[in-house]
Amino acid sequence: MPTLMLDRIVPQHIRNFEPYYPSKPDSVLMSLFGVERLHRLNNNENALGPPPAVRQVIDGFRPEMVPVYPNGDCFDLRDLLAAKFHKTQNRFLVGNGSCEVISSVIKAFCVKGDNIITADKTFAVYEWVAEFSGVEARLIPLKDFGFDPEAMLDAVDEKTKIIFVCNPNNPTGTYWDRDTMTNFLEAVDQRCIVVIDEAYCEYVDNKDYPDAMQLMEAFPNVVTFRTFSKMYALAALRIGYLCSSPDVVDMVRRTHIVYSVNTPAQQAAAAAITDDTDFILATRKMVKEARQLLCPFFDGLGIPYLSNQGNYMMAHVHLSDTLLYRMLMKRGVMVRTMTGFRFPNWIRISLVQAPVMQDFINAFREVVSTVQK
Ligand SMILES: *Cc1c(COP(=O)(O)O)cnc(C)c1O
């Protein structure tokens with residue numbers, strides 16, 4: 001057999017990149033850990049969803065539509081988004097999850113030698129896409145668990161193309177208020193693109209939370225990312241989008257794969273935003289109740305935690321997070337270990353219905369008592 005010359009073919013930055021392995025399917029995990037049910041609290045999914053209007057779309061999806069390509073640029077959905085946010089269609093670009101949109105933005109603006117700036121402990125996909133694209137990711141340490149605007153500004157140089165701000169931040173739940181965000185954007189002064197990832201904006205009801213959809217009217221370099229995976233509970237369909245000024249979107253569109261968003265996803269997303277008020281309120285109520293169960297529980301055990309915005313919280317456990325993960329899995333509860341995300345021995349927990357939170361509490365209490373024996 002001839003020898004494949006991977007040394008010649010594979011760029012150095014790909015060789016240096018460590019692949020990420022997602023978790024195994026539930027059925028595999030359940031037999032591995034010997035459990036008959038598994039609560040998935042690892043991915044910030046909305047356990048209530050999807051909204052009722054989406055169920056109708058999914059149930060009514062006709063097999064005759066399967067051989068037909070989807071609309072290539074999500075025409076109808078962009079129409080609806082335009083109406084919802086009082087903007088024109090050409091300011092929206094829809095992707096196969098907002099993860100695809102991250103990739104399109106980096107491709108549109110960065111070449112080898114450029115850099116992007118974000119935090120060291122945030123949604124990892126910004127960093128990953130930059131690195132496997134041969135672009136430097138400057139990771140600025142969090143300050144008090146939040147993005148540090150001064151340090152991020154200090155890191156900007158003539159090669160900086162994009163700054164990613166996750167607002168609120170996954171996993172810490174912290175956010176920049178309107179003044180912090182506005183001051184930051186003024187200091188950046190149009191030198192680079194500022195992505196404001198609002199994957200969890202629908203979970204925030206604080207008055208001082210800035211809406212990037214409004215900020216972009218004063219700052220044409222602002223790009224907001226939104227997703228249907230979190231609040232709208234469409235994670236399996238993979239759909240998210242960006243919104244920015246027409247000139248920015250026109251550039252990003254060039255690097256964006258057309259036809260990447262399937263028809264059920266486009267239709268479900270359209271249904272999800274059409275009548276979402278009650279669904280959002282019900283979800284926020286569920287998340288609030290979950291916090292009201294978990295916070296006093298961790299307090300009682302003397303376990304430090306972060307309970308801020310979003311549908312998740314973090315806890316700093318006093319044992320190895322991977323050991324805790326395995327012990328919780330044997331009790332049918334899956335959490336996110338955070339060592340890989342530079343939070344050694346922290347876990348992140350999705351906030352879902354009270355009975356499931358109670359199952360988590362019982363499993364966690366059991367584990368802690370066995371470990372202490
Ligand atoms: C979950 C998440 C996303 C997005 O996901 P998609 O499912 O690809 O739309 C984007 N940003 C943050 C911060 C997230 O937590």
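Ligands are counted one by one from 1 in listed order, and the atoms in each one are counted from 1 as well. All values below come from the heavy atoms of this structure, side chains included, with hydrogens, waters and symmetry mates left out.
At a 3.5 angstrom cut-off on N or O pairs, Ala199 does not count as close to ligand 1. Some N or O of Ser98 is nearer than 3.5 Å to an N or O of ligand 1, by distance alone. On a distance-only criterion, Tyr126 and ligand 1 share no N/O pair closer than 3.5 Å.
Within the 4.0 Å heavy-atom shell around ligand 1 one finds Tyr200. Remark: distances from the non-hydrogen atoms of Ala235 to ligand 1 are all 4.0 Å or more. Distances shorter than 4.0 angstrom occur between a heavy atom of Arg238 and an atom of ligand 1. A heavy-atom separation below 4.0 Å is found between Asp197 and ligand 1.
Ile257 CD1: 12 or fewer foreign heavy atoms inside a 6.0 Å radius. When the shell of 6.0 Å around OH of Tyr20 is examined, it contains more than 12 heavy atoms from other residues, nucleotides or ligands.
Using a 4.0 Å cut-off between charged side-chain N and carboxylate O, Arg238 and Glu100 make no salt bridge.
Partners of Asn308 by side chain to side chain donor-acceptor pair (under 3.5 Å), not counting sequence neighbours: none found.
Judged by distance alone, with hydrogens and angles left aside, the side-chain atoms of Glu198 form a donor-acceptor pair with the main-chain N or O of Ala212 at under 3.5 Å. One N or O on the side chain of Asn311 and one on the backbone of Asn44 form a donor-acceptor pair closer than 3.5 Å.
Atom 2 (C) of ligand 1 has Lys230 NZ, 2.5 Å as its closest protein atom, hydrogens excluded (heavy atom only).
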Would you list the atom pairs, donor with acceptor, under 3.5 Å between side chains in residues 47-63 and any protein atom, with sequence neighbours excluded?
{"residue": "Arg62", "atom": "NH1", "partner": "Glu64", "partner atom": "OE1", "Å": "3.4"}

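Proximity to Ser229 (heavy-atom distance under 4.0 Å) selects the following atoms of ligand 1: 6 (P), 7 (O), 9 (O). Close approach of ligand 1 to Gly97 (heavy-atom distance below 4.0 Å) involves ligand atoms 6 (P), 8 (O), 9 (O). Annotation for ligand 1: atoms under 4.0 Å from non-hydrogen atoms of Cys166 are 13 (C).
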**Request:** Output, in order, the C-alpha distance, side-chain angles, deciding distance and verdict of ring pair (Phe, Tyr, Trp, His ring centres under 6.0 Å) for Phe164 and Phe123.
**Result:** CA-CA 10 Å; Phe164 288 91; Phe123 191 55; 9.9 Å; no

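Both the backbone and the side chain of Cys99 come within 4.0 Å of ligand 1, judged by heavy-atom distances.
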